[in-house]
Amino acid sequence: MRPIVVPPAAVPGLLLLLFTGVASASTAILGIDFGQEYIKAALVKPGIPLEIVLTKDTKRKEASAIGFKPSNAAAKEGEFPYPERLYGTDAVNLAARFPDDVYPNLKQIMGQHVTDDSVMIYSGRYPTISIIPSPFRDTVAFKSNSAPSVDNDGGFMVEELLAMEFKNIVANAEALGGPGTKIKNVVFTIPTFFRAEEKHALELAANLAGLKVMSFVSDGLAVGINYATTRTFDEKIPEYHIIYDMGAGSTTATVLRFQGKSVKDVGRFNKTVQEVTVLGVGYDRTLGGDLFNQKIFDVLLDDFVNSPKTRKLLEKNPELKQEVKLNGRAAAKLWREATRIRQILSANTETVASVESLFKEIDFRSKKVLRSTFEGLIAEYEDLITKPIVDAIANSGISLDQVNTLILHGGAVRTPFVGRKLEEIMGGQEKISKNVNPDEAAVFGATFKGAAESGGFKVKEIKTQDISSYPVTIKYKNGESAKETSQQIFPYFSKIGQEKIIPFSKQTEFDFSILFNLPPRPHDPKQKPGQEHLETVKVHNVTASVKKLADSFGCETKDILTKFGMVINERDAIPRITKGWVECMVETVEETPKKEGMVEGVKGFFGLGKKKDGDQEVLEEVDSKTASSEKGTASAKPSTKEDVEVAPKIIKTLQKIPLDYTMVWDGFPAITDHDMKGLISKIQDFDTFDSNRRALEEARNELEAFTYRGRDYLEDSLFHAVSSDEQREKFEALISETGDWLYGDGYTAPLAEVKQKLADLRALETPITKRKLEQQKRPGEIVDLENVIDQTEEVMKVFTTRPPMPDGDSLEDEEKDAYITPEADVAPLAKALGATKAWLAERKVAQEAKAAHEDPALTVRELRARKKELNKLTASVIQQQRVYESIKDQAIKAAAASSSRSSASAAASASSASSASSASSASASSASGAEATPTEATPNVTGEDVVEEKVEEKVEKKDERHDEL
């Protein structure tokens, strides 16, 4: 069964359905794909199902770099002059000016010893960056004038710089999430070959940034999760795919199995979930885009050194090539151009490099760089490109023929040479799948996994199973000798989450170490396997626990074992000790009660048997049927005077006593709480400075914009009309003075001084602008208020010109009820109307006496307030009258109904009284034979009809008045 493929356009809608919100408003999960060259991030929270976090330049990925630019603001005496921090592309561009304070590609040296091969390679690529050991441990730090000299002697740890980059990403994500969004939980993608120290370094950087790491996800599994979110797989026939990920600094191949599985659901129902299982991995820690860039860099450097423009320099200095290579600015410019050339050659067959002022103000324009030349240079990596696939298949348990497709991920897979080699090993282009986004699939998969683990989102159920790339071994001393014993606990590619029990024959206190077995280093000529020491377990109470087993349970020494449980942690794939204990198997004889004869049983029943003190049994109430049944059974058995003995039963029980133990980390020492607070405070000081710097820049921009806007005011005729010559001259002089100050001393002025300059300008401009607006809007507002006054007077006429009520004695009760209606209270409206008319007349006279440059006597705000008051009172009067009439209409209808019922009752009585006389007069009438005079038929009009007619007439008149209102 082939998977159901969803078109890319349908994915956002599908993900919106997947993330059915059961989360609280504060839930937010951030996924980060931390690459060597770029960092991608995705956010999921209620209202945002799954979305890429954009940079401040609205790009979907951020260059993995941070730089420091000296600040122009003058620091106070005794204060540290904090620099401006730049991230991403801005930092990369800054390297041409400040190459010693821009730090790109920190992933490759994170968690490494300061003397590691990768650190040496990094130092050669960025020669002006000063690498020093960290003051807290022997990892990498940088000497920098941009760092305050507090506890670490004016430098930055790699983890500090990464924490700053992560905080910048979090700020962008919180801006995407909207007001009130706070992000604390994060999921990282990491290469499958990351060691424990690299994971700890990444987690330390996250903690310094105020983030909690939920879990780490290997790159291949993250892409597989993203692939499975829009597909359904068969339960019987699994699919096998290889995730081939080539980034800037490394290459990995991951063999995945995709399969559906039916599991138990609520009640008697079953459900199908999707399973993504890692079967095998292969990797190369150094093969990637940067290795290809280095080849082009060398070609461009040779071209520049041998160009006609540099011939004289080369004659003076035969080591010119090395000098250019070690020049920070020149190396940064040339490396950036080499990266650009490689990317262009992925789509074109030739191009030309061009760098302005590359070295000693010499511009560089290269010869044509051909794709064929580039491919010839990287041909030496041909076997390395396909080796991760070969290794992954070798340890996966399947053959390459069983693989459905090869799924590409990473930027370097776009290199045509790489694509051809992958097609060759897979057997054709049809085996190469491009169904996932090669840049964003990993970060989407990691964020999806984080949402599923958080429990705050209802997502499509995808079960995952990853493996550990390194075997786990323990070491301990055996006996009194100094000889060390090694024992492998987990082999290569063991399942993460698997637990094993480790037995020891130790019966006294001892220690044992846990470590990873590492493959040989890539550049080690001897190819000697390495080890990464993880933890040492110190066991404390073994002797006492063994003695307790012997004393309490009679255990023999040879039967006592010491055991520990170890599991490969699902969160970070690092082995953990879960428990420790000593145990022995104890055999005990089950005590079987003696069976008594019938006579002894009866004696015992009546309390006459021979019992020891305290052995009196409690008599229980028994059901009559049960008692008779037991009695019959007992009578059927032969009675004996001697007790019947039963053979003893041996029971084996395992006795355990927990052990006390402590864990000591054997890697780089952990940073103390005191030092952690100092590092966090240091980063927060940079954050505070950046916040103040942004506020200062905004204030300067606002002040500069105000000076331009003020000059436009001075050319406005209406602005002239509402201001005096003296006011304009003063305003113009202050604008000119502020402009000169802004481009002079104001460039380094503090925030408070810039704000004061802006306030001084506004103090002169605001009154004039206010008069200008009043001048524009006042006539229209006066007309509006006068119209409201006229409408209010019309309303008052409706309630003050009603006809007088007739004498009550001349009306029937129904007519009185139909005429009399309660009236609304119009006294407040009348009072407000009179006051407003008088106020308007008075203020109009006062305003006419004012000059245009003087503050107005009649303001727009006052006119609108008066208008609002009259409208509110008028609406209140009309609403009261409607309520009164509605109540009266209901009363009239009720009275009419009652009158109708009374009339009907009276008519029925009269009809029964006249029926007899009508019968006796009928014969007389017929005998006379006189013809009756024809008369017109009189309609049957009741009292109810008359009342309703009057009521309708009155209501119609009132409705006409309301329509006029």
Ring pair (Phe, Tyr, Trp, His ring centres under 6.0 Å) contacts touching residues 166-186 (sequence neighbours left out): F34-F166, F166-F188
CA sep, side-chain torsions, deciding dist, call: Y126, D100, side chain to side chain donor-acceptor pair (under 3.5 Å): CA-CA 8 Å; Y126 306 104; D100 58 332; over 6 Å; no
Pairs involving residues 751-762, ordered by first then second residue, that meet salt bridge (charged side-chain N to carboxylate O under 4.0 Å, His left out) (sequence neighbours left out): E702-R762
All salt bridge (charged side-chain N to carboxylate O under 4.0 Å, His left out) counterparts of R694, not counting sequence neighbours: none
Pairs where residues 46-64 contributes a residue and the test salt bridge (charged side-chain N to carboxylate O under 4.0 Å, His left out) is met, not counting sequence neighbours: K56-D90, R60-E440
Residue pairs, two or more places apart or on separate chains, that pass salt bridge (charged side-chain N to carboxylate O under 4.0 Å, His left out) and touch residues 767-779: D716-K772, R771-D855
Under the salt bridge (charged side-chain N to carboxylate O under 4.0 Å, His left out) test, residues paired with D784 that sit two or more places apart: K867
Set of residues satisfying salt bridge (charged side-chain N to carboxylate O under 4.0 Å, His left out) with respect to D690, sequence neighbours excluded: R85, R693
For H720, the option from R728, H853, E715 that meets side chain to side chain donor-acceptor pair (under 3.5 Å): R728
Cationic N near anionic O, under 4.0 Å, R843 to E862: yes
Residues in ring-ring contact (aromatic ring centres under 6.0 Å, His included) contact with F359, at least two apart in sequence or another chain: none
Counterpart residues, ring-ring contact (aromatic ring centres under 6.0 Å, His included), relative to F706 (two or more places apart): none
Salt bridge (charged side-chain N to carboxylate O under 4.0 Å, His left out) against E698, all qualifying residues, sequence neighbours excluded: none
Any residue meeting ring-ring contact (aromatic ring centres under 6.0 Å, His included) with Y713, in chain and number order, not counting sequence neighbours: F719
Counterpart residues, ring-ring contact (aromatic ring centres under 6.0 Å, His included), relative to F142 (two or more places apart): Y103
